[in-house]
Structure formats: structure tokens, C-alpha cells
Amino acid sequence: MSNGEVTFIIERFDPEKDTAPYPQEYKVILEPGQTLLNCLNNIKWTQDQTLAYRYSCGSAICGSCAMRINGKAVLACKTQVSDCVKDGVIRLAPIGNTKVVRDLVVDLEPFWNALKRVRPYLTPDSQDAPEKEREQTAEEFSKIDPSTTCIMCGACYSDCNVLEVDNQFLGPVALAKAHRFIFDSRDGGGHQRLTEISETNGIWDCTHCGECTTRCPTETKPLSRIEEIKVKAMAEGHHGNAGARHVLGFRETVGRRGLLDENYLPLRTVGFFNIPGLLSIMPVGLRMMWRGKNPPMIPHYVDKVGEVNNIFARFEEFRK
Amino acid sequence: MKYALYTGCVAKGAGRELLAATYKACEKLEIELDEMTDAACCGAGVIGEDNPMVADLLNARTYSLAEERGLDIMNICTTCQGVHVKTRRKIDADEKYKARLNTELEKETGREYAGTVKIKHFYEILLHDYGLDRLKEKVVKPLTGLKVASFYGCYATRPPEVNELKNPDDPDELESIVTALGATPVKYDERLKCCGFPILMMNKRNSMQLSGNALSGAKKAGADIMVTPCPLCHLNLDAYQPEIESQIDQKLALPILHIPQLVALALGVSEKELRIQTHIVRPEGALAPA
Ligand code: FES
């Protein structure tokens, strides 16, 4: 890269012509301070007009230029090329968990559908229109400040590990959007929203892989928002699901012994009277027992466990 | 060298072979360990999803227990390590919150978290405190010819600000340990992905699919064996492998080692002492010299 030349290897695909995506190389002389979007424009304007990608604002506001560099989702207009050149090469591909329309342009329909599922609009308590607007204090706004910064670029959606294996999962962008309404002082549908989002495909299906927060170019940081929703759902008693029972199992055994009781937790999570559920975890239990790998039948207590009990004794108080 | 060993729950429960291997490896490396039998669960991110302050108090207590010993913490689980570092950063960044935690900690446990302790995973200690050159000198049974796929898992790599990897999106750290032990590292696409363990009880299908993708990726890349710094990943990848095989309809038979087991093997510890016979996918065949 001594002469500032960078090779862009861009994944090209036109479903009307090609059977599979293929890489195409472009050479660009890099000038200081250039963003990835600058280079793409340069390629399109001077080398290959057929290259397709999306952009609009060029300022990390509109969210239309998300793509994958070296396998990770970024905003092209916010990314300095010099930060991601590896051995003189940059690999570009469309964002993941979507279908390609052409080259770096993807079909965002499933992404918008996920958003629609969380009803991304205010549902106020009273349908009577107030005389003036519905007001909000600065303190009330601060709770939704991060989730309102989402520009819906799809970077989190692209790299979410769960979406890779299950396209029914709501995914980070929809969950962060749900946060924005669950925590909005002007919204009256919080209870219903929390009930819905605690069900299958919602908050408890997130595996906390952290990709969403790592890729997010704004302050939305979806994983933190999902964690906040979970805290609220637990505090407000949305306990009738495996995710919440799993959390309660942790609370109960760690609060008592200081350590997790791995024999108790699966039973608690599945539900003590859920016969099919219990049968489904039996094979692994027996397998582990057979190898002498099962957790000890008499669970450990940590030394000075009284200190841990004291902390848990004030559990409800420490919620505030 | 001496550390306060934070075992976490799994190394005391379903992953006792990890604790055994840690002791054996450290004995060979002449690293002294003071096991924190008084430290509680880190919450694994789960208690924090219920009550962040209780989770933070548990962890602040753990740090104060290490500070009392005058030792840095050695973690042997990347989930514990990730939670510890994240919590620590949160507390240290907010003086007011730290003061409030300390008031409650003092009231309930008579302790105080000062903020002096350092928290490191076993593999980070090898890399940064012990040094790979010194490790190489200790190798008596180089793992020549063994193709090892490192599985980092989530907490070792994300979020990037809470780990010490030079390049969290394309790290080399575990591979460099594998090389130091005489084995051959194998890279594959899924090495930084999630194993799915956190949702095992909530969505078993998705959880096993994630592990299945990783196992099958490593297998395709030619790995004889996989190594992980996280005993939770280990549980999914090893204990559930028979079910994963039927879900993805592919024979895998890929043994999974904890990183201290791999290290100890190269330092001459016997397989039996490392309790590899307790693994669901038995590693003996893969480890036998060709
Ligand atoms: S072009 Fe608008 S965010 Fe990049």
C-alpha cells in the first residue's frame, strides 16, 4: 500500500443474470481522510457504473449505506478506509441476514416487518387529544434517549447471530425500537408490549452475543436496551415464560448458596410439571451422569454465604 | 506468580475437569493459586437482567475479596471474565454509583471495593503475564500435528472495549497459544460466533443450531479438536453434541478441550489427570499420536 493503492474486492450479484455472487476487484488510489463511501463513489463514477449500492446523506444520519467490510457490518459513510485496509485489501459484501437485490443492495422487507411487529408508534393511555402536545420532561426523555438515536441502518440486524439461524426472531433493531415505546412516558401500552415481547421470538431468545452493540454506529446499543427491557419485565412480574423462570432459578439458587445449582436450574426453567420438557432434557442429564460429569447432587455453598444472603435479602429494595 | 482463582459455578459443577486441569497446568507453570471459595457467582449476565445492582454488589464483593488477599483475579471462564470486566468498568466510571455500592457493601458484608484488583483470564495471563516464550520452554510434549480450532465465544471478543485482544474482529491470541504448544491452529468462519448456550433452556433449537454451525465449520476446516476458554461454550459444544448431530444431520465427533487442558497436555500432564474421560465426545482418539 506504499503508493496508497487499495484493492477493493466487492461481492457482485445480479439475481437476474448470475447464479451465485462473485468477487470483483477494483484498484483505488487512496487519499487521506477518505471514507469507504468516497471510494465507492470513485469506483462508480470512474470505473464501473454498474456497481449498485445505497446511500443518501453521506453523514451517518439516513442509515442507508450499511454494508459489510471484512465480514463486519459498518456504515460506509462513517468508516475511514485507512482503518480497515488489511494487506492493501478491503473486502466488501452486502449486509447479512437479508436477500440481495443487486451487489450491495439488499431487500429490507423482513427488517421492516420485524419493526412493524412491535407497533413502532405511540399508543397513549387516553385517546382524547390533549389541548396541547403530550409533554415529556427531560428526565423522562433521558430513559429513551439512546433508543431514539437509532437510524435503522440494519448493521445490528446484519450481524445478529440468532437471526442467522432463525428469521422469526424479532432481532435487535425491533427490540431496541420496542424499548423506545416501552420506556416512553407518553405510551400507555407498556404492559401489553412487555407481555408480547416476553413470548417466543422476543427478548428471551436473544443470546447476548453482543454483535448488535458492537456493530451499532449510534448510541442505541441494542443489547443494553434489551437488558433494560428484561429488567423491567422481571420487575413488573412477566414471569410466565422460560426466560423469566431461568432468571428466577438463578436468583433463587445464587441467593441461597452463592453459586448456581446446575441441577435445579434446568428443571426450574423448563417447569417442574412440564413432562415433555423434562423428558427432553433427560438424555443429556443421563449422558453426563454416565460420564461422571453431572453437577454434584449436594450443591456447594460459598464460604461466608451469609454476606451473599444479606445482599439478596434486600433484592426488591435494590431494584430502585 | 500467584493469583486469586475465581472458579465460577461450572468449574465446581458440570465442568469439574476444567478446575482439575487449571490446577495441573498451573502446577507445571509454577503459578500459585489461592482459590476464592468465598466468592459468589458473577451472575453470568442473568442476575443483571433481573437486578443490576444486586449483580454489581456480588461482583464488587468478589473484587474486594481478591483485594483483601492482595492478589489479582484469575478467571477460567470467559463469561465470568466478560461480566467482571464490564461490571468493573461500569462501577469505576461512575464515582457516585461506586460510593453507593460501597455503602451497601459495607452494610451487608463489612467490605469495601477499592478498585485496585486486576482481572484476567487464564489465557490472558499466559499471553501477557507469563509470556509465550516461557510457556514454550515448559512444553515437554509438543502437540505436533494436532489441528486445533479455537472457539473464542462471545465474551472473549465482544464488546471490544472490555477485552484485551489486539484485533477483536480477527484475533490471533488463542491461535498463538496453540502454536506455542506445538499444535497447528485451524481458522474457520464461526470461531467468533455465539455457541448459543445462553438460550439453551429457552430456545434449544436455535441454541444447538448455533453450536452446530461452529462445530461443522471447524470440522470442514480440518480440525481434529476444538479448544475453548469458556466452560459454558464447552457444555453446549460437547455435552449436547449428540443432539446437535441429529439436528443438523451430520456426524461431527469433534472433541472439545478447555484451554487449560490443552496447555496441561503439552506440559506433560496425563489425560486421566485432566479428566478427559468425563467428556461426552471422548478426545483420546484425536489426541493419540498418528
Ligand atoms: S449515507 Fe446516510 S448513513 Fe451513510
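Below, read A as the first sequence line, B as the second, and so on, with proteins coming before strands; counting in each chain starts at 1.
Between chain B and the options A/Lys320, A/Arg257, A/Met288, A/Glu211, the largest number of non-hydrogen pairs under 4.5 Å is found for A/Glu211. Put simply, of A/Lys293, A/Arg245, A/Met234, the one with the most heavy-atom pairs under 4.5 Å next to chain B is A/Lys293. Chosen from A/Asp303, A/Val270, A/Ile281, the residue pairing most often with chain B at heavy-atom distances under 4.5 Å is A/Asp303. With chain A as the partner, the residue from B/Arg111, B/Arg275, B/Gln209 showing the most heavy-atom pairs under 4.5 Å is B/Arg111. Most heavy-atom pairs under 4.5 Å with chain A, from the set B/Leu200, B/Val10, B/Thr7: that is B/Val10.
Distance CD/A/Glu307 to CZ/B/Arg61: 4.5 Å, rounded to 0.5 Å. Rounding to the nearest 0.5 Å gives a distance of 10.0 Å between OG1 of B/Thr79 and NE2 of A/His208. To the nearest 0.5 Å, atom OG1 of residue B/Thr109 and atom CG of residue A/Asn310 are 8.5 Å apart. How far CG of B/Asn203 is from CH2 of A/Trp204: 14.0 Å, rounded to the nearest 0.5 Å. To the nearest 0.5 Å, the span separating CD on A/Glu164 from CG on B/Asn213 amounts to 7.5 Å. The NZ atom of A/Lys304 sits 4.0 Å away from atom CG of B/Asp38, with the distance rounded to the nearest 0.5 Å.
Scanning all heavy atoms of the two residues, the minimum distance from A/Cys209 to B/Cys194 falls at CB-CB, 3.7 Å. Contact detail for B/Pro160 and A/Thr214: the closest heavy-atom pair is CD-CG2, 3.5 Å. Scanning both residues, A/Phe315 and B/Asn51, for their nearest heavy atoms gives O-ND2, 2.8 Å. The two residues A/Val284 and B/Ala239 make their nearest non-hydrogen contact at CG2-O, 3.6 Å. Between B/Glu243 and A/Pro283, the shortest heavy-atom distance links the atoms OE2-CB, 4.3 Å. Smallest separation of non-hydrogen atoms from A/Leu259 and B/Ala40: CD2-C, 4.5 Å.
The contact between B/Ala39 and chain A is made entirely by backbone atoms, counting heavy-atom distances below 4.5 Å. Only the side chain of A/Phe312 comes within contact range of chain B, judged by heavy atoms closer than 4.5 Å. For A/Lys72, the part lying near chain B is the side chain, with the backbone staying farther off; criterion is any non-hydrogen pair under 4.5 Å. Of the two parts of A/Lys221, neither the backbone nor the side chain holds a non-hydrogen atom closer than 4.5 Å to a non-hydrogen atom of chain B. With a 4.5 angstrom heavy-atom cutoff, A/Arg215 touches chain B only via side-chain atoms. Interface remark: B/Glu49 contributes backbone and side-chain atoms alike to the contact with chain A (heavy atom separation under 4.5 Å). Within the 4.5 angstrom heavy-atom criterion, only side-chain atoms of B/Asp170, from C-beta onward, approach chain A. In this structure, no portion of A/Pro299 lies under 4.5 Å from any heavy atom of chain B. Residue B/Leu235 touches chain A through its side chain alone, counting heavy-atom pairs closer than 4.5 Å. Neither the backbone nor the side chain of B/Glu161 has a heavy atom closer than 4.5 Å to any heavy atom of chain A.
The main-chain N or O of A/Thr213 is never found under 3.5 Å from a side-chain atom of B/Arg158 such that the two would form a donor-acceptor pair. A/Arg251 contributes no side-chain N or O that, together with a main-chain N or O of B/Ile47, makes up a donor-acceptor pair within less than 3.5 Å. Put simply, the side chain of A/Arg287 never gets that close to the backbone of B/Ile280: no donor and acceptor are under 3.5 Å apart. With A/Asn161 contributing its side chain and B/Leu210 its backbone, the two residues share no donor-acceptor pair below 3.5 Å. With hydrogens and angles ignored, the 3.5 Å screen pairs a side-chain donor or acceptor of B/Arg16 with a backbone N or O of A/Asn294.
A/Thr207 pairs in a side-chain contact (heavy atoms from CB on, under 4.5 Å) with only one of the listed residues (B/Cys195, B/Pro198, B/Ser207), which is B/Pro198.
Counting heavy atoms from C-beta outward, A/Asn241 and B/Met202 have side chains that stay 4.5 Å or more apart. For the pair B/Cys41 and A/Phe250, the minimum side-chain heavy-atom distance is below 4.5 Å. For the pair A/Val302 and B/Thr37, the minimum side-chain heavy-atom distance is 4.5 Å or more. With a 4.5 Å cut-off on side-chain heavy atoms, A/Leu260 and B/Val46 do not count as touching.
Counting non-hydrogen atoms of other residues, nucleotides and ligands closer than 6.0 Å to CZ of A/Phe273 gives a total of 12 or fewer. For B/Asp249, the CG atom sits in a loose shell: 12 or fewer heavy atoms of surrounding residues, nucleotides or ligands are nearer than 6.0 Å. Surrounding NZ of B/Lys187 are more than 12 heavy atoms belonging to other residues, nucleotides or ligands, all under 6.0 Å away. Within 6.0 Å of CD on B/Gln277 lie more than 12 heavy atoms contributed by other residues, nucleotides or ligands. Atom CD of A/Glu139 has 12 or fewer neighbouring heavy atoms from other residues, nucleotides or ligands inside a 6.0 Å radius. Atom CG of A/Leu279 has more than 12 heavy atoms from other residues, nucleotides or ligands within 6.0 Å.
At a heavy-atom cut-off of under 4.5 Å, chain B is reached by A/Glu227, A/Lys230, A/Val231 from residues 225-233 of chain A, listed in order of number.
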Next item on the list: Run the numbers on A/Arg314 and B/Glu104 for salt bridge (Lys or Arg N to Asp or Glu O under 4.0 Å), then give the verdict.
Entry: CA-CA 10 Å; A/Arg314 292 175 61 202; B/Glu104 300 299 355; 2.7 Å; yes
